[in-house]
Amino acid sequence: MDESSDHLLRTFGAVPPSSRVLDLGCGRGVHTEPLMRLGFDVYACDRSPKAVEAVRSLLADIVGAAEAKKRCSESRLDALGYPDDYFDWVVAFDTLARVESDRDMLEMLDEVRRVMKSGGWIYVAVPAVPDAEAGLGAADRGYAGDSGMAPTFMPRTLDDVLVRAGFTVSERPSIAARNDGRVVRAIYRKVDEQTPV
């Protein structure tokens, strides 16, 4: 497991295991399975039918096939199908990198806020702007997806998107290594008038 995934699991070492967690854009379940094995009330979704089947197969070994089918669903990221105020935590690992525009990203994050409890947390990890591009005006653009390129972020641009979506910074963005490059990772919180002090 690379450094960025290790950080996610270490973060969850301090989270109450009774927490309900959504693995948003779960892919092949790299984080879904370990979080479930750690005892969290985990749900997962992805827009890829192949990814959903792969995750259901992983989860079936833990909770059985019928429960795995309930726990992992195929859904659009801007129309999740979960009730309001349902999750304590959302894991969005590489999920924002699959969104096609800034507008779509804000719509998806609005849906994420809807399904999160007041005071809930979102762990975000996204591809970082490569070192070679970091000094070439990358700090002045939004995120690379608006130009048709694969979306990449700098700490400031990740903060900008999440704060515009109504989240509060809990753990400032930092850059970490991973097998295929670098990621920007951070933790944000849904804070509103109902948030416990």
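Positions are given from 1 along the sequence. Values in this document were obtained by computation on a predicted structure and should not be read as measured data.
Applying the salt bridge (Lys or Arg N to Asp or Glu O under 4.0 Å) test to residues at least two apart or on different chains, the pairs with a partner in residues 11-22 are R20-D41. Evaluation of the side-chain hydrogen bond (donor to acceptor under 3.5 Å, both in side chains) test over residues 57-68, restricted to residues two or more places apart or in two chains, returns E67-R71. Residues in residues 78-88 take part in these salt bridge (Lys or Arg N to Asp or Glu O under 4.0 Å) pairs, two or more places apart or across chains: R76-D78, D84-R114, D85-K190, D88-K117.
With sequence neighbours left out, E107 forms a salt bridge (Lys or Arg N to Asp or Glu O under 4.0 Å) with R103. Listed by chain and residue number, E53 satisfy the salt bridge (Lys or Arg N to Asp or Glu O under 4.0 Å) test with R56 (two or more places apart in sequence, or in another chain). Under the side-chain contact (heavy atoms from CB on, under 4.5 Å) criterion, S48 pairs with D46, K50, A51, sequence neighbours left out. Every ring-ring contact (aromatic ring centres under 6.0 Å, His included) that F40 has, sequence neighbours left out, goes to F12. Legend: residues meeting side-chain hydrogen bond (donor to acceptor under 3.5 Å, both in side chains) with D159, ordered by chain and number and at least two apart, are R172, Y188. In this structure P49 satisfies the side-chain contact (heavy atoms from CB on, under 4.5 Å) test together with E74, sequence neighbours excluded. R37 meets the salt bridge (Lys or Arg N to Asp or Glu O under 4.0 Å) test with E33; sequence neighbours excluded. Under the rule for a ring-ring contact (aromatic ring centres under 6.0 Å, His included), the partners of F87 that lie at least two apart in sequence or sit in another chain are Y43, Y82. Scanning for salt bridge (Lys or Arg N to Asp or Glu O under 4.0 Å) contacts around E171 gives an empty result, with sequence neighbours left out.
The closest side-chain heavy-atom distance from V183 to I175 is not below 4.5 Å. Within the 4.5 Å cutoff, no side-chain heavy atoms of L106 are placed close to those of D110. Looking at M36 and V63, their side chains come closer than 4.5 Å, going by heavy atoms from C-beta outward.
R185 forms no cation-pi arrangement with Y123, by the criterion of a distance under 6.0 Å to the ring centre and an angle within 45° of the ring axis.
S75 places no side-chain N or O within 3.5 Å of a backbone atom of C45 that could act as its donor or acceptor partner.
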